[in-house]
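Residue numbers start from 1 in every chain, and the chains themselves are labelled A, B, ... in the order their sequence lines are given, proteins ahead of strands.
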Amino acid sequence: MQATATQTNPIISFKHVNKIYDNGTVGLKDINFDIPRGQFLVVVGLSGAGKSTLLRTINRMHEITSGEVLVDNESVSDYKGKALRHLRRHIGMIFQNFNLVKRATVEKNVLSGLVGYYPTWRCVLGLFTPHDRKRAFQALDRVSLTKKLFSRADELSGGQQQRVAIARALMQDPKIMLADEPIASLDPRTTKAVMDTLKRLNREDGITVIVNLHSVELAREYADRIVGLRSGELVYDEPIDQVTEAGLNQIYQTKPEA
Amino acid sequence: MSTPEIPQRPWRQRYHVSAIAWTVTIVVLLILSSMATGANFGMFLANINQFTVLLVQMSHPAWAYLSVIIQPLYETIQMAILGTTIGAAFAIPFSLLAASNLVGNKVLRNLIRLFLDLVRTLPDLLLAAIFVAVFGIGSTAGVITLAIFSFGMVSKLFYEVIETIDMGPLEAMKSVGASKVTIIWYAVLPQILNQFVSYFLYTLEINVRASTVLGYLGAGGIGVYLQRSLDQFNYSATAVIILATLVVVMVIDGVSNHLRRVLL
């Protein structure tokens, strides 16, 4: 593991991040931690603990109420319009329900990862350069789905759809990959394929990967580090060689003991 | 180990209280409203033989009349296609702005909806009368009437479709840094296209029928001939016009079914 100079220059930092929803529900409570470049971080916790919210504060899909989220040492809170879109195009995201356009071809879905780099009129007319079309093919090659290039997305199985979603994120040339319960609607075998793909991107391309998971077993298998959320609070944060069964159980306790 | 007791259904559910109550209420309301408006079932039965006389006449269509109405029927179809296309084209931006899942701004959305409600309130006959007065007798008045009528109807149908789409792809497009227009183009349009086509053809079908009535006011098309035949009590000619219109409607219906299957 390469953890030399990375500690001093985190790619993402949370500084006193609070999120309170309009109806008064506390989403996140005083979150403080850094994510070093190239880490495979797994966030665990019960449903509603704030995992999805935490993930979405990084690319500003959710706004925070107070505090600061830094990406590459820059606070993302003030980004608007174009600057915000430029932030997002370097952050890949995959979702529990894959979020592909089901009626469109796999190729179009993969190319749609590029739209942040193209002016709107070229996106509308579908004028992608031959170079980028080749990249789309290569991205599909990395998730072993080249044969499906011209299939419609809804003809694919769940696991294949999630790999198309990963290929779409790859087109963004991301520094960070956010994965929100990427395997929650998949069976055990396709789960392994998707998690292995994420791990490979992390190791080979040095992409910082942040994954929300329900499964503690998977977290222990893939993570470099595990953080745990409970009711919007960070209650657990250990590198993988310090993770113990007892420590993880503590995340899932409904009543804190003190 | 004992089997758990099956919970008893509450008596309201067991005797279908609410379903029966609703049926009774609706029947009572129907009877009351027929009494209030003076719609009399007895009168309907007493005069039913008048109706059979008319039906007998209509059951002998004067097929020779077909050669007279082919041209105006063709004009009617052209009017309907033009009017529906213009109306639907304008409906697309308005329906996007009126959809609550795309436009967060409540004020803008409600203004657009108010405008659409207003357009739908205007009866097509009134519109036709106005445009005949402005543009003179002929199909121009008919096309504009149909365009406005279609616009109001299609906008509502379209924005209701948009509100049922899966928001997942929109979130994904937002997360890759897409602009608003790109999000709509990549994540919204593919989801609604086939229903748009289906509603477009449905409106076209309605417009073919509506334009027969508009002809009454001089807005062109086959309506003029429909009016003429009725005025002359030439019911065998009326029957031909109705049957010819039926054929057109059936063809549109067939095309609509086919396209929906292809585009699904």
Side-chain angles (χ1 to χ4, degrees), chain A residues 52 55-56 58-62 79 81-105 108-126 152-154 161 164-165 168-174 176-178 180, chain B residues 88-90 92-93 95-97 99-109 158 161-201 256-264:
Chain A
S52 291
L55 209 63
R56 282 173 171 75
I58 298 170
N59 62 352
R60 283 271 307 279
M61 301 292 279
H62 276 345
Y79 285 155
K82 203 162 196 174
L84 180 58
R85 293 207 300 276
H86 281 191
L87 166 77
R88 283 175 179 160
R89 71 183 189 185
H90 285 297
I91 304 178
M93 187 164 193
I94 62 174
F95 306 83
Q96 177 177 347
N97 299 319
F98 326 133
N99 290 355
L100 300 181
V101 177
K102 293 207 170 64
R103 288 170 199 278
T105 61
K108 194 174 174 197
N109 270 292
V110 175
L111 282 170
S112 74
L114 274 177
V115 298
Y117 291 94
Y118 274 83
T120 299
W121 68 271
R122 291 195 68 155
C123 297
V124 167
L125 297 175
R152 255 175 62 150
D154 54 5
Q161 288 192 33
V164 173
R168 171 175 66 190
L170 275 178
M171 293 304 281
Q172 293 173 249
D173 200 7
I176 302 167
M177 181 80 96
L178 309 174
D180 188 19
Chain B
F90 279 100
I92 290 173
S95 56
L96 289 169
L97 290 174
S100 59
N101 51 351
L102 298 186
V103 176
N105 186 339
K106 243 182 166 171
V107 178
L108 172 68
R109 198 170 75 222
F158 279 10
V161 169
I162 295 171
E163 286 180 349
T164 64
I165 62 171
D166 173 15
M167 294 301 281
L170 277 82
E171 192 188 17
M173 291 314 291
K174 204 173 147 191
S175 82
V176 304
S179 66
K180 285 250 171 195
V181 175
T182 311
I183 291 176
I184 286 168
W185 197 265
Y186 276 79
V188 180
L189 286 189
Q191 292 194 59
I192 54 182
L193 196 65
N194 80 316
Q195 269 165 302
F196 269 24
V197 170
S198 160
Y199 278 135
F200 173 84
L201 289 167
S256 169
N257 279 334
H258 176 72
L259 277 182
R260 235 188 340 215
R261 223 172 307 130
V262 173
L263 289 172
L264 199 70

By a 4.5 Å heavy-atom criterion (distance strictly below it), what part of [X] contacts chain B: side chain, backbone, both, or neither?
| X | result |
| --- | --- |
| A/Arg56 | side chain |
| A/Asn59 | side chain |
| A/Lys82 | neither |

Can you measure from [atom1] ([X]) to [atom2] ([Y]) and round to the nearest 0.5 angstrom?
| X | Y | atom1 | atom2 | result |
| --- | --- | --- | --- | --- |
| B/Asp166 | A/Asn99 | CG | CG | 6.5 Å |
| B/Thr182 | A/Arg85 | OG1 | CZ | 7.5 Å |
| A/Arg89 | B/Ser175 | CZ | OG | 14.0 Å |
| A/Arg103 | B/Leu193 | CZ | CG | 8.5 Å |

Q: Between chain B and each of A/Gly116, A/Ala169, A/Gly126, A/Ser112, count heavy-atom pairs under 4.5 Å; write down the option with the most.
A: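 Option with the top pair count is A/Ser112.
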
Q: Could you check if a side-chain atom of B/Val176 sits within less than 4.5 angstrom of a side-chain atom of A/Met171, using non-hydrogen atoms only?
A: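 Of all side-chain heavy-atom pairs linking A/Met171 with B/Val176, none is under 4.5 Å.
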
Q.
Counting neighbours of NE2 on B/His258 that are heavy atoms of other residues, nucleotides or ligands and sit closer than 6.0 Å, is the number greater than 12?
A.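 No.
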
Q.
I'd like to know whether CZ of B/Phe90 has more than 12 heavy-atom contacts from other residues, nucleotides or ligands below 6.0 angstrom.
A.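 Atom CZ in B/Phe90 is not crowded, with 12 or fewer foreign heavy atoms closer than 6.0 Å.
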
Q | Heavy-atom pair with the smallest gap, counting every atom of A/Met61 and B/Glu171 | A | CE-O, 3.2 Å

Q.
Keeping B/Tyr186 on the side-chain end and A/Cys123 on the backbone end, is there a donor-acceptor pair under 3.5 Å?
A. yes

Q. Out of B/Gln191, B/Lys180, B/Met167, which one racks up the most heavy-atom pairs below 4.5 Å with chain A?
A. B/Gln191

Q.
The test is side chain to side chain contact (heavy atoms under 4.5 Å, CB included); show your working for A/Val101 and B/Met173 and say whether it passes.
A. CA-CA 10 Å; A/Val101 177; B/Met173 291 314 291; 5.6 Å; no

